[in-house]
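One is the number of the first residue; the rest follow in order along the sequence.
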Amino acid sequence: MNKIDVLYMQEAIKEAEKAFDEDEVPVGAVIVHNRRIIARAHNQVERLRDPTAHAEMIAITQAASFLGSKWLNEAIAYVTIEPCSMCAGAFVLARIKEIVYGADDPKTGACGSVLNIVKNNKLNHKIKIKSGILDSECGSYLSQFFKNKRKNTYLNN
């Protein structure tokens, strides 16, 4: 695990913390281009009442706007959890260079855990994947979030 990946993942974790504080599923993402963060986002599904308002989707929109291009060819996405099929598909369509993520998602992960959209030979773009960067820290926010949700559900019934 190199220092640069850790640095950028720590920035993604800061975004996940914002989501956690807002009672959103705590996922954070940053997109880096030429060693500069050009986008940062966290899940906003509840706030926006939009099932597509995942951290990755918001960050892709910001990055494309920043670059003035629909292609993110030389960009790297840092995400606290393995992207779902929607987000992995969006990364393919945006032609991002690499996805670096923290924790695996054994329920909806689409970079190898459940599906592998980013390495599908039938698609026109392949993405380099690096996983396990600060995975314990990334996963702990998710574990605590869902533990709190189960506790609150139990208390309210």
What is the distance from atom [atom1] of [X] to atom [atom2] of [Y], rounded to the nearest 0.5 Å?
X	Y	atom1	atom2	value
Glu15	Ile58	CD	CD1	9.5 Å
His54	Ile60	NE2	CD1	11.5 Å
Glu98	Lys130	CD	NZ	5.0 Å
Cys111	Phe91	SG	CZ	8.0 Å
Asp21	Tyr141	CG	OH	8.5 Å
Ile81	Thr108	CD1	OG1	6.5 Å

Decide side-chain contact (heavy atoms from CB on, under 4.5 Å) for Asp135 and Tyr101; before the verdict, give the C-alpha distance in whole Å, the side-chain angles of both, and the deciding distance to 0.1 Å.
-> CA-CA 8 Å; Asp135 56 340; Tyr101 70 86; over 6 Å; no
Is Ser65 reaching over with its side chain to a backbone N or O of Thr61, donor-acceptor style, under 3.5 angstrom?
-> no
Would you say the side-chain atoms of Asn43 pair up with the backbone N or O of Glu24, donor to acceptor, closer than 3.5 Å?
-> no
His42 and Glu22: side chain donor to acceptor below 3.5 Å = yes
Are the side chains of [Y] and [X] in contact, using a 4.5 Å heavy-atom criterion?
X	Y	result
His33	Leu67	yes
Met9	Val6	no
Val100	Ile76	yes
Lys97	Ile127	no
Ile129	Val118	yes

At their closest point, which heavy atom of Thr80 faces which heavy atom of Cys138, and how far apart are they?
-> O-CB, 3.1 Å
Using the ring of each side chain (for Trp, its six-membered ring), is Phe20 parallel, tilted or perpendicular to Phe145, with breaks at 30° and 60°?
->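 Ring orientation of Phe20 relative to Phe145: perpendicular.
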May I ask you to say whether Lys14 pairs ionically with Glu11, meaning some side-chain N is under 4.0 Å from a carboxylate O?
->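 Yes.
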